[in-house]
Asks: 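Attaching a single structure in structure tokens format; questions to follow.
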Amino acid sequence: MFSALTPNAALFLAGIFAILVIASGVVFALGRAHPDRDYTELAARVNSWWVMAGVFAAAMALDRVLSIVFLAFVSFLAMKEYFSLIPTRRADRRVLFWAYLAIPVQFYWVAIGWYGMFIIFIPVYLFLLLPLRMVTIGETTGFLRAAGSLHWGLMLTVFNLSHMAFLLALPQAANPAGGGAGLVLFLMFLTQFNDVAQYVWGKTLGRHKIIPKVSPKKTWEGFIGGVATTTLTAWLLAPHLTPLTGWEDPAAGLLIGLAGFVGDVNISALKRDLGLKDSGSLIPGHGGVLDRVDSLTFTAPLFFHYLYYLHY
Amino acid sequence: MARFLRLLFYALVARPIAWVVLGLNVRHRQRLPTTGPAIVAANHNSHLDTLVLISLFPLRLLPRLRPVAAADYFTRNPVLAWFSLNVIGILPIRREARGGADPLKPCEAALERGDILVLFPEGSRGEPEVLGRFKRGIAVLAARRPDVPVTPVFLHGLGKALPKDDPILVPFFCDVFVGEALRGNNDQAVFMAELEGRMARLADELPSPREDS
């Protein structure tokens, strides 16, 4: 059944669900111990983790193509949310339509493993194609803002996130322990774990604000504690799921910890600019899709190229 | 047969469009009527409005749900008429009353049968994402049946996804805010003011004034 997973990856997936069982147990115990306090938000958040982990695990475990389709769908949700948030010109409806069509094409390059096309399709070809479509429509008022914001979103939600899918297209022989799915699980788990770790460290020890203009709740204590936790966790996990060796293991965690933080505050800055608290309401307790994949938009391409440079 | 086609259409086309291609942010869903007779009144910006509103209800209520639509527009040719009447399942009404015929008669008869009417009091789709004035027909209907709840629903974003003058559907997340039901009143002006007021308050629930130019 779990044909797409190596034994290590399957074991790791089971471990993720064990963590969720513990998280649900803690929420239940908290509710029992403090009946006067409201844990609805926390419970909703953990329940949403169950749903997200469940869907993700099913997609990863069953089949490689299904995994890629699933990741393409995540890109679609993120892009749709981005286009729904930002001001768009009515004249650009057809340009947006082309941008949506880029998703299946980009993930097709991933599915057939054509690295050269995968890496230039959006930064080069769509970068040229979208303005071409815009000038044939001919609306020049707000042209720069529209062209810039469309391509920025395309890079963030499709190009960057598709790097996670390309981990599945890398040669399996180079990573017999974890396989492609092991790499995706490693990246996905550490990125989300880093978010949670930064949050927990910040909640318990946070004193000194790190970036108050963008994200007033983020602290140096949360940032350092989170990055350190992620680095240590990566050190433990990397030998079992990735081809990384020696110093490369903790360095991968350091990279994911730092990049995850920047990806998170990048979307925070976008929301602050637009005057919004959450990017959407699709995921109870979390907000929107962009709120959940914000860190991944930075960790996915950086982790991919780190790994690609060192081992492929 | 037509009933089966309609079920297939709403289950396999309308719902995936509403929930997957678009994606709906629904607030106060529990305020929707769970049984007929009832009236759902929404603002109108797109052909998608009907599909979205009907997708908010469980499929078992589908035979009860009747979108009220202009006969002159939706039955203007035989193919469209067949599709509108059998697959969309519209309740056609005549916008311009000729020879003293009561255009609301079919609506009253449907309420009599226990149906849930889906109405667009703006009359037509109008300017995308602009809340137009409501026509009074709904006040007349509600005054005749003061026992029937009228639930206002504010839709936002559908005029961006599929506006009046463009056949291409571009996905956007859309907002659906359900208001509290009101009842018919013999003073139509009072009813209209209340309905438009509730609609405006629902519109105020939008997270921020977005510039959709």
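The sequence lines fix the lettering, A, B, ..., with proteins before strands; numbering per chain opens at 1. Remember, predicted model here, so these are calculated numbers, not experimental data. What you see below is based on every heavy atom in this structure, not just the backbone, and it leaves out hydrogens, waters and symmetry mates.
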Asks: Among the options Glu81(A), Lys80(A), Met79(A), pick out the one with the most heavy-atom pairs lying under 4.5 Å from chain B.
Replies: Lys80(A)
Asks: So for atom CG, which belongs to Leu144(A), do other residues, nucleotides or ligands contribute more than 12 heavy atoms lying within a distance under 6.0 Å?
Replies: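 No, because the 6.0 Å sphere around CG of Leu144(A) holds 12 heavy atoms or fewer from other groups.
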Asks: At their closest point, which heavy atom of Leu77(A) faces which heavy atom of Phe173(B), and how far apart are they?
Replies: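 Reported closest heavy-atom pair: O-CE1, 3.8 Å.
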Asks: Report the option among Pro171(B), Gly157(B), Ala161(B) that has the most heavy-atom pairs separated by less than 4.5 Å from atoms of chain A.
Replies: Pro171(B)
Asks: For chain A, find its close neighbours in residues 20-31 of chain B: heavy-atom separation under 4.5 Å, sorted by number, or none.
Replies: Val20(B), Val21(B), Leu22(B), Gly23(B), Asn25(B)
Asks: Give me the atom names and distance for the closest heavy-atom approach of Phe172(B) to Tyr100(A).
Replies: N-OH, 4.5 Å
Asks: With a 4.0 Å cut-off, would you call Arg90(A) and Asp165(B) a salt bridge?
Replies: yes
Asks: With a cut-off of 6.0 Å (strictly less than), are more than 12 heavy atoms of other residues, nucleotides or ligands near CZ of Arg3(B)?
Replies: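 Incorrect, the count does not exceed 12.
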Asks: Distance check, rounded to the nearest 0.5 Å: Arg93(A) atom CZ versus Ile168(B) atom CD1?
Replies: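 Answer for the CZ-CD1 pair, Arg93(A) versus Ile168(B), is 7.5 Å.
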Asks: As an exercise, state the distance from CG of Asp175(B) to OG of Ser84(A), rounded to the nearest 0.5 Å.
Replies: 8.5 Å
Asks: Count the heavy atoms of every other residue, nucleotide or ligand shown that sit under 6.0 Å from CZ of Phe70(A), and state whether that count exceeds 12.
Replies: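 More than 12 within 6.0 Å, yes.
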Asks: Is it the backbone or the side chain of Phe83(A) that comes under 4.5 Å from a heavy atom of chain B, or both, or neither?
Replies: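 Contact with chain B involves both backbone and side-chain atoms of Phe83(A).
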Asks: Where on Tyr82(A) is there a heavy atom nearer than 4.5 Å to chain B: the side chain, the backbone, both, or neither?
Replies: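 For Tyr82(A), no heavy atom lies under 4.5 Å from chain B.
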